[in-house]
Protein chains: 2
Amino acid sequence: MRRSSSETKALILAAARERFAADGYERATIRAIAADAGIDPAQVMRCFGSKDRLFAAACAVDLHLPDLLGTPPGEIAAALVRHFLERWESGETLQILLRTGVTNATAAERMRAVFTTQLVPVAAALTGDPEGAPVRAGLVSTQILGMALCRYVLAFPPMAALTREEVVEAIGPAVHRHLGIES
Amino acid sequence: MRRSSSETKALILAAARERFAADGYERATIRAIAADAGIDPAQVMRCFGSKDRLFAAACAVDLHLPDLLGTPPGEIAAALVRHFLERWESGETLQILLRTGVTNATAAERMRAVFTTQLVPVAAALTGDPEGAPVRAGLVSTQILGMALCRYVLAFPPMAALTREEVVEAIGPAVHRHLGIES
DNA sequence: TTCGTAGGCCAACAACTGTTGACGTTAGAG
DNA sequence: CTCTAACGTCAACAGTTGTTGGCCTACGAA
């Protein structure tokens, strides 16, 4: 059987994302990823060059933050939390960064980049306070990443048991306050 | 040179805590830990049996939560945040769990145990609401662990740049609200 | 002193890792 | 058809890992 190069790459990338998200960088071996994709380990090397480069490709993350400028100020925080919960539960893209960013320097750098280029600008636009935006975006991150950590990664029972809307009600006000939107 | 068995164990344990906290479970090799302690790798095995058992020993964590029952209700949250910041910056004991708990099942289980046995009871005592205590303690964890993650592990620049008291001011109100203390 | 117990060190094992090179094999261009 | 370039597979490499057994040596009991 024969595939196009891009097809193979996509196949490998999907398996890699799953493995990296589930096991972290070190325990996700190239052999395991290749086995999941039904492909020879050597093929992975030919397509991506090295494990580092494969990982860098698997780390490409877009938060897909919705346009919240039209949202009523009082509902922005809830919408934000809801968006992240959906993104988190729908796929493993976000889980990669959290699982690997804690021990892998490349992933940590990538997370800082996502924060700076995707989250800070949104906070600046929403608050109309460019100067305070980095801190506000950072505080929002602490609350949202903290919830993801406790709920999905560490699986603290009380947090894992909450429904999605209960989570929105629980941390929405904190996020709202961190954003500091004038109403 | 000759040491008592307990002295050697303590020496190894200190080096192991440092390595596990800095590198996570997989990248902290027994050889590296032994080298840090100035001891032969085989000695580590003789003292602790296996890497898993050494790790389990290194994971023993006591939050040393202060007695907050006498504290005015309005200052409890700030005192709690301040306590965790101090614990975090003073040593590597807490960093072990966060760095390893994300990829290592044993460490994650340990974190859940610490949460259940040390944090939930305090929340129950402070709020006088035994039924809602697990959720309240969980919400507090999301905010405090989230801050630790962004500030110390991922090193988001805006969060790492804050002074300790600025952090207390920033997330204290959120923690206060999560605790839900009647005042 | 003599001797046994226990700490310390060395060398080696088997398993696994990322990575490489050589050798089929197949599709499409000429 | 023929030929070539790219995909796919196999086997092996060098390095690292946790782990083990044997040997040496120092200390305390006899």
Side-chain angles (χ1 to χ4, degrees), chain A residues 1-59 96 99-100 102-107 109-110, chain B residues 1-59 96 99-100 102-107 109-110:
Chain A
M1 179 173 33
R2 196 80 178 288
R3 265 179 303 257
S4 80
S5 179
S6 61
E7 269 180 311
T8 310
K9 273 183 131 180
L11 217 60
I12 295 172
L13 216 57
R17 286 219 170 88
E18 216 164 318
R19 278 283 175 181
F20 281 133
D23 297 339
Y25 181 80
E26 334 281 336
R27 285 179 37 203
T29 69
I30 286 198
R31 283 174 166 84
I33 293 170
D36 285 356
I39 282 178
D40 192 272
Q43 197 71 330
V44 176
M45 300 302 295
R46 285 219 332 171
C47 284
F48 289 93
S50 71
K51 185 183 182 182
D52 275 320
R53 275 202 284 273
L54 168 62
F55 179 67
C59 272
I96 292 184
R99 270 260 160 68
T100 59
V102 173
T103 47
N104 184 286
T106 304
E109 175 56 42
R110 189 65 65 101
Chain B
M1 176 175 33
R2 197 80 177 286
R3 265 180 301 256
S4 80
S5 178
S6 60
E7 269 180 311
T8 310
K9 272 183 133 181
L11 217 61
I12 295 172
L13 217 57
R17 286 219 170 88
E18 214 163 319
R19 278 283 175 180
F20 282 132
D23 297 340
Y25 181 80
E26 334 280 339
R27 285 179 38 203
T29 68
I30 287 199
R31 283 174 165 84
I33 292 169
D36 285 355
I39 282 179
D40 192 90
Q43 199 69 333
V44 177
M45 300 300 296
R46 283 221 330 172
C47 284
F48 289 92
S50 71
K51 185 182 182 182
D52 274 321
R53 275 202 285 273
L54 168 63
F55 179 67
C59 271
I96 292 184
R99 270 262 162 66
T100 59
V102 173
T103 47
N104 184 287
T106 305
E109 175 56 42
R110 189 66 65 102

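Note: hydrogens, waters and symmetry copies are ignored here, and every other heavy atom, side chains too, is used. Per chain, numbering begins at 1; letters A, B, ... match sequence-line order.
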Would you say the side-chain atoms of B/R110 pair up with the backbone N or O of B/A56, donor to acceptor, closer than 3.5 Å?
yes

Round to a whole Å and report the spacing from CZ of A/R27 to C1' of C/dG18.
18 Å

Would you give the length of the straight line joining atom CD1 of B/I33 to atom CZ of B/R19, rounded to the nearest 0.5 angstrom?
8.0 Å

Ignoring backbone atoms, establish whether B/S4 has a side-chain N or O less than 4.0 Å from OP1 or OP2 of C/dG7.
no

Let me know the distance between CD of B/Q43 and P of C/dA11, rounded to the nearest Å.
16 Å

Shortest non-hydrogen pair, B/A57 vs B/R17, comes out as O-NH2, 3.6 Å

Side-chain donor or acceptor of B/R27 paired with backbone N/O of A/T103 under 3.5 Å
yes

When the distance from CD of A/E26 to C1' of D/dG18 is rounded to whole Å, what number comes out?
16 Å

Here the distance between atom P of C/dT26 and atom CZ of A/R3, to the nearest Å, is 14 Å

Could you tell me how the ring of A/Y25 sits relative to the ring of A/F20: parallel (under 30°), tilted (30 to 60°) or perpendicular (over 60°)?
parallel

Atom-pair distance (CD on B/E7; C1' on C/dA6), nearest Å
15 Å

Contact list (N/O, under 3.5 angstrom) for nucleotides 19-25 of chain D vs protein:
from, atom 1, to, atom 2, distance (Å)
D/dT19, OP2, B/K51, N, 2.8

Side-chain N or O of A/S5 versus OP1/OP2 of D/dC7: is the shortest distance under 4.0 Å?
yes

Flag, side chain of A/R99 to backbone of A/D23, donor-acceptor distance under 3.5 Å:
no

